[in-house]
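Here's the structure, in structure tokens; my notes come after.
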Amino acid sequence: MEFLNALVAITNYVIIPATAYGAQLALGALGVTLVYSILRFSNFAHGDTMAFGTGVVILITWGFQAMGISFGPLPTALLALPFGIVVTSALMLGTDKVVYQYYRKVKAAPVVMVMVSVGVMFIMNALTRFLIGVDQINFADGARFVINARQWREMTGMSEPLTLRSTQVITVVTAILVVWALFWFLGRTRTGKSMRAFSDNEDLALLSGIDPNRVVAVTWIITGALATIAGTLYGLDKSFKAFTYFQLLLPIFASAIVGGIGNPVGAIAGGFVISFSEVGLTYAWKKVVTYLIPNWEPDGLVQLLSTDYKYAVSFTILILVLIFKPTGLFKGKIV
Amino acid sequence: MSYLSAANMTGGYGKADILHDCTLTVEKGEIAVIVGPNGAGKSTAMKAVFGMLNLREGRVTLDGSDITALSPQDRVKKGMGFVPQVNNVFPTMSVEENLEMGAFIRNDDFKVTMEQVFTLFPILKDKRRQNAGELSGGQRQQVAVGRALMTQPKLLMLDEPTAGVSPIVMDELFDRIIEVARTGISILMVEQNARQALEIADKGYVLVQGENKYTDTGKALLADPDVRRTFLGG
Ligand SMILES: Nc1ncnc2c1ncn2[C@@H]1O[C@H](COP(=O)(O)OP(=O)(O)O)[C@@H](O)[C@H]1O
Ligand SMILES: [Mg+2]
């Protein structure tokens, strides 16, 4: 019984939140990895792209709510999501036209491109603040729980609570659908294959008559979509705040690099490695320890790191990977 | 006029010229081979013919029409195929996908062409689902040649197709190249294995420091004492 309680506690406080967070990181890391492998630079503006996309989704959500449109038990934001994607992808294409295209034409070095993306990041950052402000916004509506604490108690009779929030389920289901669609697109369609070819060997892709402008455009559209979806899911699950999204850049890059940057499967695996490490190391294990080791009451919280330091986890993992296995878990491109 | 004529090519990558008044021609259905020491500009000449180099002087015509100003992609559309010396496959894509990408500019059904490539290189059919990067050197070269054949080119350009493969595989590849030429495709090929290459060549070019040093039939070059002494090792 004690063991079961421990298991429930771990599921409730570590496995469920880390899975949802991992799915959000994975989607973010997929966007970063896609830009890296096709456009060949680390896009520092990705976090703020997520913030912008989410901001647009929130504005449209408010619009829908004002018009009395709702999505039943599901968050209205899911209805707004496609519109947010269109706006964000359009912004990506516009940014490419105005900014990145020039640097591609002069064949700027990747490190220059990174600096350019930092500039874009600041602009996007400001744009998002103009659009929706700097405050914390909760925009999740619809049913809050799939399983709440009372239902869990009635269902199992256990004293240890377990809750499953709808946003967590929505996050995981959406992430699975998006990843499936992305892999289908890259693996089965002519355009998707041409993007992989371009990523594999740009010169040969050009010799084969693959249109680089089209590859670049489709890449930005997908990046905009991935960023908006990842950002909206994160915001639904936690809350929206522009600055938090900028901070997410670190765990997202850590995910992409741990998995092997440029490798989509790696981005997904990396997302979960980072989320489980972060949640696991900042969780107070006292309760679980008490269940598992009878007659011992630990003095502290048995928390390895305060949650204030959660970004240190990504940072440490990132450094370790770069030192010991720079190509990541799944062989990515050499960074 | 020759099917391909690249006349008086002069140019390089930056300020210094690599090619000096270099001329290459290939007749319909003929095999032309370029040999010469390392760094002679053989690969550079191939790139120049394919439009991957800004020529300062010279003129390239294919089947009578001037293509000097065309981009590589447009030359592919005109019926030229090119297998570069290095990085000539998509390593993380399957053999079949490599061939598909070769046919990217085609809007018609290319299944028949793919079958023809599989008939020419049966091993590729067995490995169609395997990534090109995981294949042996010889198999990878077959993928590279197969990819270029997917556009049904009338002129196939090969830069050292037998580099780094065993002698047996080399003979095998030469046989396949002869087979391709028999179907009426003109071939312009750079080769390190000068002796074997000149044996199957209708026409041979010896390139030294970006200039045409000797030009003759393959047989004549093999028989030329000067060429033998300097380039064929006796
Ligand atoms: N991409 C390049 N940029 C600048 N110089 C190059 C490049 N490729 C080759 N060269 C130079 O051009 C000359 C001819 O090279 P190359 O055509 O590759 O010779 P080959 O194929 O006959 O061995 C060499 O001096 C080489 O250093
Ligand atoms: Mg060469």
Side-chain angles (χ1 to χ4, degrees), chain A residues 30 33-34 36-38 40 104-107 182-219 256 259-269 327-335, chain B residues 13 43 46-47 49-53 70-107 109-110 129 131-134 140 143-153 156-159:
Chain A
L30 274 174
T33 251
L34 206 63
Y36 185 88
S37 65
I38 294 173
R40 291 166 224 282
R104 266 199 313 281
K105 212 164 85 199
V106 301
K107 298 204 182 343
L182 181 66
F183 279 70
W184 175 83
F185 174 76
L186 291 175
R188 292 269 180 272
T189 66
R190 197 171 111 97
T191 305
K193 286 178 193 177
S194 74
M195 288 168 66
R196 281 165 55 220
F198 191 86
S199 155
D200 249 16
N201 188 338
E202 186 173 338
D203 291 333
L204 196 62
L206 297 179
L207 280 187
S208 304
I210 291 169
D211 177 4
N213 296 323
R214 196 179 137 85
V215 168
V216 168
V218 175
T219 304
I261 193 155
N263 182 326
V265 179
I268 296 164
T327 52
L329 296 175
F330 297 79
K331 224 169 127 219
K333 305 198 172 191
I334 308 288
V335 245
Chain B
Y13 300 95
S43 294
M46 294 290 264
K47 288 182 202 162
V49 172
F50 209 71
M52 297 160 78
L53 203 70
L70 291 190
S71 69
Q73 289 91 305
D74 288 335
R75 292 182 202 216
V76 171
K77 288 178 191 149
K78 286 266 180 197
M80 294 171 72
F82 183 35
V83 180
Q85 182 173 358
V86 289
N87 300 328
N88 50 23
V89 297
F90 300 111
T92 73
M93 300 180 80
S94 72
V95 168
E96 199 167 7
E97 287 172 335
N98 266 272
L99 299 182
E100 260 181 83
M101 289 300 107
F104 195 80
I105 56 164
R106 287 180 61 175
N107 293 317
D109 189 13
F110 53 77
R129 307 235 176 280
N131 283 354
E134 298 164 2
R140 238 192 341 250
V143 175
V145 175
R147 186 203 62 81
L149 286 174
M150 286 304 292
T151 47
Q152 297 180 304
L156 182 62
M157 298 170 52
L158 306 159
D159 194 348

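In what follows, every heavy atom counts, from backbone to side chain, and hydrogens, waters and symmetry copies are set aside. Proteins get letters first, then strands, A, B, ... in listed order; numbering begins at 1 in each.
Here the closest non-hydrogen pair linking B/Arg147 and A/Ser208 is NH1-OG, 2.9 Å. Nearest heavy-atom pair across B/Phe104 and A/Ser194 is CE1-CB, 3.5 Å. Looking at every heavy atom in both residues, A/Leu207 comes nearest to B/Met52 through CD2-SD, 4.1 Å.
For the options A/Asn201, A/Ile210, A/Leu204, heavy-atom pairs under 4.5 Å to chain B are most numerous at A/Leu204. Per-residue counts of heavy-atom pairs under 4.5 Å with chain A were compared for B/Arg75, B/Lys77, B/Glu100; the largest is that of B/Glu100. Of the residues considered (A/Ala197, A/Gly187, A/Gly209), A/Ala197 shows the highest number of contacts with chain B, using heavy-atom pairs under 4.5 Å.
No hydrogens or angles considered: nothing links the side chains of A/Arg196 and B/Thr92 as a donor-acceptor pair under 3.5 Å.
Both the backbone and the side chain of B/Pro91 come within less than 4.5 Å of a heavy atom of chain A.
In this structure, CZ in A/Arg190 is found 7.5 Å from CE in B/Met101, a value given to the nearest 0.5 Å.
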